[in-house]
Each structure stands twice: as C-alpha cells, then as structure tokens.
Amino acid sequence: MPFPKAELHLHIEGTLEPELAFALAARNGVVLPFADTDELRRAYLFKDLQSFLDLYYALMAVLRTEDDFAALADAYLARVATQGVRHAEIFFDPQAHTSRGVAFGTVVEGLARALERAEERHGISTRLIMCFLRDESAESAMRTLEAAKPYLDRITGVGLDSAEVGHPPSKFREVYEAAAALGLRRVAHAGEEGPPAYIVEALDLLGVERIDHGLRCMEDPELVERLVRERIPLTLCPLSNVRLRVIDVLEEHPLARMMQAGLMCTVNSDDPAYFGGYIGDTFHAVREALDLGNEQLRELARNSFLASFLEDDEERRAALLAEVEAYDFERDR
Ligand code: ADE
Ligand code: ZN
C-alpha cells in the first residue's frame, strides 16, 4: 500500500475525467464542443492559468444534478483510496454552478453524499471547503456565503481561487471576516501566478491558516522567514505548476529548496484530471525529478496531516501520524 497521506489542495471539479464528462453530457442532454474524449484530451495544452480555467469552467456544463456531483466525488475518492489518501480536504466552486442555474444545495448535497460514505467505503475522512471566485465581485462572494448558511454543518472552511493576477486578497477582506464570524476556517490561493505581496495580504487581511500554492514566496526572503517562523503550511501542486507554465520543467520545481529553507510544504494534485496525475502519481513524479529521499517523503506525509483541519478529531490525526512514522518508504518505490 502506498504511504498514508492527506490531500489538502484538490478542486473536485478538476477531477472531471473526459469519460465521465461525456457520460454526464449524454445523461443531461448537454452538447460538448468536442467530438470525443480523445479530442477533448488534446485540448489539455495550457499556456497559463486562464487558458486552463476557460476549459475547466466550460466542462462544468455537464454537472447538473445532485447525482452528478455525487458521481464526481465518488470517482475521485475511489481513485485516490488506491494511492494512500486517508484524509481529503476538498474544494468546490459554488459560483461556477449557481451562475449556471444549479442551486447551491444541489452541489453541496451531492458532494456531501459521496463524502459521508467515504470513511466507511475507503477509510478516507473528508472536509469540504467552498472557494470564492476571485475574478467575480466581493458582493457575489458575500451572496455565496449567505447561500451557504443552511449547509454550514457540511462546510469546514472558505478558500479563494480562479484568476489571481489583478484580484488581490484585499478585495475579499469583509467576506473573510464574515466567514470567520461563522466559525469557518480560512485558506486562499496566493503566489501561484500572483506576486509574493498577495501572500502577505492573504495572511494579514484575510487571516488565512494555509496558503494554497505560495511558491512565489521564494522571491521574497523576508516572507520566507516569516512563513517559516509562523509555520504557515503551503499546499504545493508541482504537476499543476508545470502544466500551467508557472515553472518550465518539474526538475526546476522549488519544492526541495523550500523544504531546505524550513517551509512547511505539502504536495497536492490541484486538478488531477487536467494536469496528468492524481496525488500518488504526483509524489512519484516529484520523487524522481527532485531525487527526494525517504525522510523528505516522510516529512511531506507528516506535514499533510499536521496542516489538515483535523482539530475536531485529534485522535484520528495522531493515529495517522503514527502510521507515517512507522511506514517503510522503500515499500512505495
Ligand atoms: N481553480 C482550479 N484550479 C485552480 C488553480 N490552480 N488556481 C486557481 N484557481 C483554480
Ligand atoms: Zn488550486
């Protein structure tokens, strides 16, 4: 069995495989602008974050019913259960659905149905994190938070995603204050395509506990020092960074340098259907490309549980951490 790990940066809509997209399109009478799965896969050549987002949002047209969202999450969970995932904190983009006329409740009820049976079926505990689309207005984000209120028993936190440059965290200060007042945990994408200053804003103005991506912190030594001192977890997504041209090749990914600098790094898959690998595949690729040793892998696995929102189940966190310490990483070669 692969080593135990938590996934902390995963957009459930980014797990929509071409086969499921076509099956749901047929079921819902949606016509996709691609002849078949091969033609769709050939479109997965991105030049930047926006070119990916255009396809990512377009394909969501096939997701219409509670059953669709449950099928999407079921497929993801079944797949990563074979890759050692024991805990998953899953992002979803409510505005990308409500703007198409799909009710907030349809999305949450469908996803939650799959998540609730994951522990029994696959031994995976889960949390749900709703992301605000940063290229939409702050008012729209606030309305989305309002729509979430009947479902807060199933939502652990809020995040911030979509097109980063030109949409700084400061735009969402009031929304994050309101989310905190509702007892929601806070994370945000920052420093993926955007500058290190966005990471500082996310910490200081939004009060986030983790930074999603954050790799551009490496351009600001003072910020690195702060992130190390405050032990702020970074949810890195190396395969995503290559596919979205944030870096040129995996061999140049700063992960190993970031770990050496003392940063609390985790490795995640982001949008695995689009970026060439789920989390186990991602670990295998970075292990090869960056020549990571067993103890570095153990640190990454340990960090994934330490950085997770398992505060309401410290017993489970302790048990998973003990599994990490006991694991022989040679077995996962
Ligand atoms: N939405 C889905 N994947 C994303 C990413 N890598 N960055 C920003 N928004 C996203
Ligand atoms: Zn992401």
Side-chain angles (χ1 to χ4, degrees), residues 6-17 21 43-61 63 69 72-73 76 80 88-99 107 111 127-136 140-141 144 157-169 171-172 186-195 198-199 201-202 206 208 210-217 233-247 250 253 255 265-279 282 304 307:
E7 173 131 76
L8 305 178
H9 185 154
L10 180 281
H11 303 266
I12 198 65
E13 297 91 343
T15 69
L16 180 59
E17 292 285 345
Y44 290 7
L45 283 174
F46 309 115
K47 67 177 176 25
D48 54 16
L49 174 57
Q50 188 61 56
S51 64
F52 155 69
L53 290 171
D54 291 343
L55 181 63
Y56 168 80
Y57 293 127
L59 274 197
M60 287 184 204
L63 297 164
F69 286 94
L72 180 69
Y76 162 71
V80 295
E89 301 192 350
I90 296 176
F91 294 139
F92 70 109
D93 286 331
Q95 290 154 292
H97 310 301
T98 53
S99 65
V107 182
L111 294 176
R127 299 285 184 275
L128 209 45
I129 299 176
M130 57 179 260
C131 288
F132 303 116
L133 301 184
R134 67 201 309 156
D135 45 357
E136 297 291 332
S140 171
T144 304
V158 295
L160 188 62
D161 65 3
S162 202
E164 186 181 8
V165 175
H167 302 285
K171 181 174 159 186
F172 297 94
R186 289 165 285 172
V187 301
H189 284 52
E192 179 187 19
E193 281 192 348
Y198 283 18
I199 300 174
E201 275 193 19
L206 305 186
V208 303
R210 297 195 299 244
I211 295 287
D212 296 313
H213 292 294
L215 75 166
R216 287 195 60 195
C217 74
L234 306 176
T235 63
L236 300 168
C237 307
L239 294 185
S240 163
N241 298 148
V242 175
R243 290 298 185 103
L244 300 186
R245 312 270 193 101
V246 171
I247 57 166
L250 197 54
H253 198 280
L255 169 67
C265 298
T266 65
V267 165
N268 305 273
S269 70
D270 210 6
D271 302 284
Y274 295 89
F275 299 152
Y278 286 75
I279 191 167
T282 306
S304 74

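Each residue takes its place number in the sequence, starting with 1. Counting convention: from 1, in listed order, for ligands and their atoms alike.
The side-chain contact (heavy atoms from CB on, under 4.5 Å) test with Phe91 is passed by exactly one of Asp212, Leu8, Ile12, Leu10: Asp212. Partner of His9 under the side chain to side chain donor-acceptor pair (under 3.5 Å) criterion, out of Asp271, Asn268, Asp270: Asp270 alone.
Not a single donor-acceptor pair under 3.5 Å links the side chain of Ser269 to the backbone N or O of Cys237. Distance alone, capped at 3.5 Å, is enough to place a donor-acceptor pair between the Glu13 side chain and the Asp93 backbone. Here the side chain of Lys171 pairs a donor or acceptor atom with the backbone of Glu136 at under 3.5 angstrom.
Among the atoms of Asp93, none of the N or O lies under 3.5 angstrom from an N or O of ligand 1.
Minimum-distance N/O/S atom of Asp270 relative to the Zn ion (ligand 2): OD1.
Heavy atoms of Glu192 found under 4.0 angstrom from ligand 1 belong exclusively to the side chain. Contact annotation: for His213 versus ligand 1, heavy atoms closer than 4.0 Å belong to the side chain alone.
Taking a cutoff of 4.0 Å between a charged side-chain nitrogen and a carboxylate oxygen, Arg216 and Glu164 do not qualify as a salt bridge.
The salt bridge (charged side-chain N to carboxylate O under 4.0 Å, His left out) search around Arg186 returns none, not counting sequence neighbours.
One of the N, O or S atoms belonging to His9 lies under 2.8 Å away from the Zn ion (ligand 2). In summary, His189 places an N/O/S atom under 2.8 Å from the Zn ion (ligand 2), meeting the contact criterion.
The protein heavy-atom contact nearest to atom 3 (N) of ligand 1 is Asp271 OD2, 2.6 Å. Regarding atom 1 (N) of ligand 1, its nearest protein heavy-atom neighbour is His11 CE1, 3.6 Å. Here the heavy atom of the protein found nearest to atom 6 (N) of ligand 1 is Asp270 OD2, 2.7 Å.
Residues His97 and Phe69 bring their aromatic ring centres within 6.0 Å.
Shown in contact with Phe52 at under 4.0 Å from a heavy atom are these atoms of ligand 1, numbered in order with element: 2 (C), 3 (N).
The closest heavy-atom contact to atom 10 (C) of ligand 1, among the options Gly14, Gly159, Ser162, Ser240, comes from Ser162.
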